[in-house]
Structure formats: C-alpha cells, structure tokens
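Worth knowing before you read on, the calculation uses all heavy atoms, side chains too, and leaves out hydrogens, waters and symmetry mates. Remember, predicted model here, so these are calculated numbers, not experimental data. First the proteins, then the strands, lettered A, B, ... as listed; each starts at 1.
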Protein chains: 4
Amino acid sequence: MSKDKIVSNIKDQELVRIRRDQMIKGAITLFKEKGFHRTTTREIAQASGFSIGTLYEYIRTKEDVLFLTCDAIYDQVKERVEASIALEQPTKENLIKIVTSYFCLMDELQEEILILYQEAKSLKKETRHYVLQKERDMVSMLERALLECVPDLSNKEAALIANNIFVQGHMWSFRRWIIQKQYTLREYIGLQVENLLKTLPN
Amino acid sequence: MSKDKIVSNIKDQELVRIRRDQMIKGAITLFKEKGFHRTTTREIAQASGFSIGTLYEYIRTKEDVLFLTCDAIYDQVKERVEASIALEQPTKENLIKIVTSYFCLMDELQEEILILYQEAKSLKKETRHYVLQKERDMVSMLERALLECVPDLSNKEAALIANNIFVQGHMWSFRRWIIQKQYTLREYIGLQVENLLKTLPN
Amino acid sequence: MSKDKIVSNIKDQELVRIRRDQMIKGAITLFKEKGFHRTTTREIAQASGFSIGTLYEYIRTKEDVLFLTCDAIYDQVKERVEASIALEQPTKENLIKIVTSYFCLMDELQEEILILYQEAKSLKKETRHYVLQKERDMVSMLERALLECVPDLSNKEAALIANNIFVQGHMWSFRRWIIQKQYTLREYIGLQVENLLKTLPN
Amino acid sequence: MSKDKIVSNIKDQELVRIRRDQMIKGAITLFKEKGFHRTTTREIAQASGFSIGTLYEYIRTKEDVLFLTCDAIYDQVKERVEASIALEQPTKENLIKIVTSYFCLMDELQEEILILYQEAKSLKKETRHYVLQKERDMVSMLERALLECVPDLSNKEAALIANNIFVQGHMWSFRRWIIQKQYTLREYIGLQVENLLKTLPN
DNA sequence: GATGAATGAGCATTCATTCAT
DNA sequence: GATGAATGAATGCTCATTCAT
C-alpha cells in the first residue's frame, strides 16, 4: 500500500490511520481554499485538530501531506467508479448509467478534483508517478467497460473515448466557472452522453 | 489593454514593452521547469537578463509576472487560432482544418498550456477573471466556427462541442504522459476528428 | 557520590544503576559517532534499549546523560591509573611502567577521551567543576607518583611534568589524525618516555 | 584561498571581506561565550551588526560561519608564528625566543584556541580537513625551526617535540582552570623551556 | 533608468520534555 | 515502573520587496 511509504514515528497503526484521516480532511479544506503552496504546515495541524509537533509525528515533510491527500482523493474516486461498474451488465444502457454516475461523482467531488489538477505536479517524481498510475487505472476501468459494452470498438478507439469521458468529467470541475453557468448538471450529462452515443458504432 | 493594468515606474512605453517581453520569455522557461511558486523573483530577473532592481521597475509584485505570462500565452494562442479561422470558408472540411491546426498548436505550446492549467489559479481574483475571459473568447471563436460550418447545430450543442474540442486540445498537453505514449499527434487528431464528425448532424 | 546528584523517579537504587549503565553505554556509542548536540534523547533511549519515557524516569535533562557519561569515563580512567600506580614500587623504572601503561590506556580509550575534550564544555558550571575535579585528581596521582619515584623534583616541576604527561596521553587521541599517521603506539611511547627521562634530574 | 569556497550572493568582493570580518568578530565573541551549537544564527547576525537576511547573503549555512571563524583564527596564529620564526637566526637561543613568543601568542588567543578545540569537530569532512591542514602546516613550521636550530635532531624526534610544544601551548588555554591557577605565564614558559632544553641534544 | 545590498516576516522542521495510561 | 503520544518553543533558512546610490 502506498500510505505505508510515508513513515511515521507513531507505532499504533490504527492511530496513524485516524490521525492521517483527520489530517487529510483538514488539508483538503485548506487546499481547496488556498492551494498547497499557500497553506502552511501550522494551518494543516490546526485544521486537523492537533499541534504542529503532532503533525510531524505522522509525516516527514509537508509534501507527504499532499501525497496522502491526493492519494485519498484518488482512492475515493476509484472505489466509487469501481463500485458503479461492478454492478452493471455489459449493455449499452448500462454504459450510459456508468458514465452518468461518473459525471455525478465528478460533480460531488469537484473541488477535490481541482486539487489533483493544480497541486499533484508539486509531488516528487516517485510519488507523482504513483498517483499517476492510479489515474491510469481509473481510465483503464472505463476503457474495459467500454470494450465490454460495445464490442465493436477497437482498442485505440476505446482508449481514446475513455480518456475523453474521463476528462469531460474533470472539465465539469476545472472549467466550472464557464460550463456550470451554461448548463445544469443534468443538461451537461445529457448532451455529453448523447454525443458519446453518436460516437459509438451501431 | 490588460497589460496597462500592471503599473511600471518607467515612462518610456516602448522600453516597458521590450523589458516585459524579456521577462515573459524568462519566466516561461522557469515556470515550465519549476512552476511559479518554486521560481524566485531573482531567478526571473536573471533569466530576463537584468537585475532584481530593474525587474521591480517594470512590475509591482511577483504575481504581476505570472499575469503577464499567462496573458502572453493566451494572446499567442488566441492570435493563431483567430488567424486559422479567419482564413477559411465556413465548410465542414474547413472546420476539420481549423480543429486540426488547433490541435497542432496545442502540441507546439504544450508546456505553455501546462503553465496556464497549473498556475493560473494563483492569480488574484481580478486578474484571474481577466485571463478567464480570454479563454472564454477563444472557446467562443471555436463555437462560432462550428455554428457557421454546421448550421444545424443548436447553440447549446455548439457550445459544448467547442468546449470539448478546446479541452481535448489541452488534454494532449496535460495528460501527455498517458496520451502521448499511446498515440502519435496524427493518430490523436485523426481519431478525435473522426469522433467529432460522428457527433455532428448529417 | 556524584551520580547521586542526578535525581531519579525510581526508588530501587540497584535498578537505577543498571539502567544508567545501559544509558551510558548507549550514549558513548552515539556521542562517539555524532557528538552530544547532534544526538537526540530519543536516540539515546533507543540505544539504551528502553523508551523515551523510561529514559526520563532515570534522569531529569539531556545534560544529565552527558554528565553521567563523562563521569563514567573519568571513573574508568581513574580506576585503571590508580591500579597501575598502586602496584608499583617508587623507582624510576616503575615510573616508566606507570607512564607506559597510562599511554596504553589512552590508546584504548581514544574515543572516550575525545568525548571529554569536545563535549564536557556543554556541562553546566556545577557539574563541569565536578568533572574537572576528577581530572585534577588524576593529574595529582601522576604528580605523586613522580615525586615518589624522583624525590629530587620540586613540587612545581612535578606538577608541570605530570600535566605534560597527562596531556601527551590525550594528544594521542585528539591529534590522532596527525600523530598516529607518523608513529606507532610503541614508537610514540618510546620517544615520549625518552624525553621524559632526559627531563628528570640525574 | 579557502574563503572563496564559501559562496556569497554579494558581488562586491571588498564588501564580502568587510561583512565577513564583522561576522567572524561577532561569532568569536558568541562562540567563546556559549559555543557554536548554542549560538543561533540570529544572534550571530545581531552581533555582526546586521539582519539575519543580510547574514545569509554572505554565507550559505550556519556551518559556513564556523568554518570562516576557525579559518580566521588559524590564519591569525599562523601569520604570527611565521613572522616570529622568520625574524630569527637558527640558533638555540633564538629557538627559545620562538617558543617563548609562541607561548605568549597562545596566552593572547586563549579563547580562540578553545573554539578550535571544541567546535572544529562540527565542521563537515571537507572543511575539517582543510582546517586540519592549516594545523599541520603550523606544526611543520615549528619542526623546521627545531631542525634548523638543533641539527643533531632526527626527523622523528623533531616532529614529536614540535607536536609537544604545539600542544603545550594549547594546554595553557584548554587547561587554564588548572594550569593558570598554579603558574604565571612567565613561570609556565620558563619551566617548559627548561624541560625542552633538557630534551634537546648537547 | 539600472543596480544590488539590505531587510525581516514567514516557513518547514526538530526535539527536549511531559503525562495520561 | 514502563510506555509512547502529544506538545510548542526554538531554529535555520528563504525570498519578495525596498531604496540609496
């Protein structure tokens, strides 16, 4: 597991989980507000409900907080996308359900997605790659769903469409000032799904 | 003009233009490399070919540099998209040409686009809105081209497709580690244009 | 006794002795490696084989560890010098034996001597004086041995020579990078003893 | 030159010299009082007469201050020993003069010598070796003076005696609480020189 | 107009010490 | 008696900004 790479002085693993959850919750609030660079470690500690000294018992560097945060966001997204895919039979109608629920998820997690877009680049190589891999996994899930639901699709086509769907979901977040003024979520989903269907064979 | 909002101590407007061009050139190089927050004003001054004191004769704060830089990138993009649109007759074939040349431009300006995505959020409200407006203008240009070339399109459809094209161009940049490993630029453009055509009426 | 000045929460005096011995052993290893200031109390606890909480049951401050350590080193040196002096008859030949075995001891305890030289200054006044007194005692022992073996020596001469011998022993430790490259221990002892004999009357 | 290895942001080399001299002066005062580790960079800046920001324009790390300080002390010692040796003809009487003036110098620079003894170990490998070399050079100077003034001496004997003299000089500083209570400087020099003469052939 | 030395608020991180369990 | 989680004052260092020359 990824989080195990972040070293902590605290022995009680359950406590580490609890404190890091507090930390991630605090950090997300702050990163939404002012971004990673403008947030101080003291603010993170305070928002997490403990002292600066305690913060550093659970991480090694400020960047660790960013990693834990990005990681948690991806996990959350991945888990829910996975769940929505697992439930469905591989039919075109269900593909639409999957995509729809993915867009809804993106709406729910708008601000978290923004954090990924704007701050993940501040991770060091190794951790950035780790997080990138999670992203890749998620696109792969969409790709597989596409291939199962629409067997006529070539691999390259499926991969591209998966990427497009993936990014159109994010777009609802990172272009919200523009998009959300023109469309309701339902409209947006409706139009994007319509286009998607036109794109698919048959 | 936007740049006029950034105050300078220097009277000679031509000199201001020259120095700011140097500054933007230096800043882009540095921001590509290490991002806005990790770049110091001293480094910007040095990369621009003058002293830190001189830098501050032409701007008021470090954020001004970011604004000038984002602004310059958008201007560059806008100018070239405008040119490509202006040349063409409103036919579907020419729409493809416009979109193709837009994707090529995004390929050329990959790193500049990344700067916009990752750093523009550090701008203060007012300037961020200013830059956002430029983005809106650009999407509008694509939208108008779409409506002219494909008259059957509704406004809402055209706006959404314009946004999709716009973001698919950026995607080539901000998801390059994933996308550019799977597709050549030509392949990417080919597939995206193909999907676009399927999406359009007729 | 000195160690009794260091307060402990623990009643069982034998346990205090045992834990402090562990502590001193751990501390010496660490101080040799990185010095007093660069060693943390956590490291000392760990090297001693118990927790940080337990460490503080047996001392009041980090400086106490330094004191106990310096004190232990001096005790060790003193004990062995005392033993070597006690064994001998007061003849010039035996003086040579005493000096020789002192130099050998200094060779054995090189790194401990270094600790005294480099860290004892970090002790607070009171404890520093206490340790200093031990040093004085040791020089006095050499001085007495000198006076007994070479009765013609004046007090002032004996005191100075005792100091010289004392420091020449340390020198083998604190100038080792220079001295030990030029001389083997035997050579060093041989030459220093030779000079000593020339210095003495008769 | 050694100091050139310490990088400064400031271009004006003369100013660098001036500021570093202030810094060394301030640092020596503080290091005498509380040692390197207990002295903060802020205190060094203040004692030097400028702000913490300015301090860091002239050095890169706190350790740089220690290096500059040790280096300056050695330079001062070396220069004066060199001068005293240069003046004299190679006779035994002049050897005594050289040694006497060396002891006087050690008396004058007592506290600076203590700094070398207690803090030089905190230098990083490279700089520590650099400083060590200066020490070696100084002993070599004494050694050469010995060989010139007392030609019958073997190299090994001369080297050892040079080291003894060198350390007996320092001893006046680092054992001052003991030695300076028993002897005046004149007495100390008198007795040590007397012993030295007994040691030398003829 | 250009320069670069000076400033000090601000930040990440450490670590001796305490105390509830 | 032992443990180890919690604390926060302290510290080294950075960097945007100013201003005298």
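Straight-line distance from the CD1 atom of C:Ile18 to the P atom of F:dA2: 10 Å, rounded to whole Å. Atom CD in D:Glu14 sits about 13 Å away from atom P in E:dA5, given to the nearest Å. If you take CD of B:Gln13 and P of E:dG1, they are 10 Å apart, rounded to a whole angstrom. D:Ile52 places its CD1 atom 16 Å from the P atom of F:dA10, with the value rounded to the nearest Å. One can place CG of D:Leu55 at 13 Å from C1' of F:dT14, the figure rounded to the nearest angstrom. Taking atom CD1 of residue A:Ile6 and atom P of nucleotide E:dT13, one finds them 12 Å apart after rounding to whole Å. A straight line from CG of C:Asp64 to C1' of E:dT18 spans 16 Å, rounded to a whole angstrom. Distance CZ (C:Phe50) to C1' (F:dG4): 14 Å, rounded to an integer number of Å.
Side chain A:Arg38 to base E:dG10: no donor-acceptor pair is found below 3.5 Å.
Closest to the side chain of B:Ser51, from the set E:dA6, F:dA5, E:dG4, is E:dG4. Considering only side-chain atoms of D:Thr61, the nucleotide from E:dA2, F:dC13, F:dA2 that sits closest is F:dC13. Side-chain atoms of D:Tyr58 lie closest to E:dA6 of the nucleotides E:dT17, E:dA6, F:dG1.
Aromatic ring orientation, C:Tyr130 versus C:Phe67: perpendicular (interplanar angle above 60°, classes split at 30° and 60°). Ring geometry for B:Tyr58 against B:Phe50 counts as tilted: the plane angle lies between 30° and 60°, on a 0 to 90° scale.
For A:Leu68 against A:Arg20, the heavy-atom pair with the smallest separation is CD1-CD, 3.8 Å. Contact record, D:Lys121 with D:Arg128: O-NH1, 3.9 Å, taken as the closest heavy-atom pair. Taking both residues in full, the closest heavy atoms of C:Val65 and C:Phe31 are given as CG1-CZ, 4.3 Å, listed atom of the first, atom of the second, then distance. When all heavy atoms of C:Glu14 and C:Asp12 are compared, the pair lying nearest together is N-OD1, 3.0 Å.
Proximity of C:Thr41 to the phosphate of E:dC15: no side-chain N or O atom is located under 4.0 Å from OP1 or OP2. When the side-chain nitrogen and oxygen atoms of C:Arg19 are compared with OP1 and OP2 of F:dA2, one or more of them lie within a distance under 4.0 Å. Put simply, C:Thr54 has no side-chain N or O that comes within less than 4.0 Å of OP1 or OP2 on F:dA2.
Residue-level contact check: A:Asp12 touches the backbone only, with heavy atoms under 4.0 Å from sugar-phosphate atoms and none from bases. Here C:Asn9 lies out of heavy-atom contact (under 4.0 Å) with every strand.
With the nearest nucleotide of DNA chain E identified for both A:Thr39 and C:Lys62, A:Thr39 has the one nearer the 5' end. Of the two residues contacting DNA chain F, namely B:Thr40 and D:Tyr56, the nearest-nucleotide position lying further toward the 5' end is that of D:Tyr56. Nearest-nucleotide assignment on DNA chain E puts the 5′-proximal partner with B:Gly53, out of C:Arg60 and B:Gly53. Position along DNA chain F of the nearest nucleotide to B:His37 versus D:Phe36 favours D:Phe36 as the more 5'-ward residue.
Under the Watson-Crick or G-U wobble criterion, with both distances below 3.5 Å, E:dT21 is paired with F:dA2.
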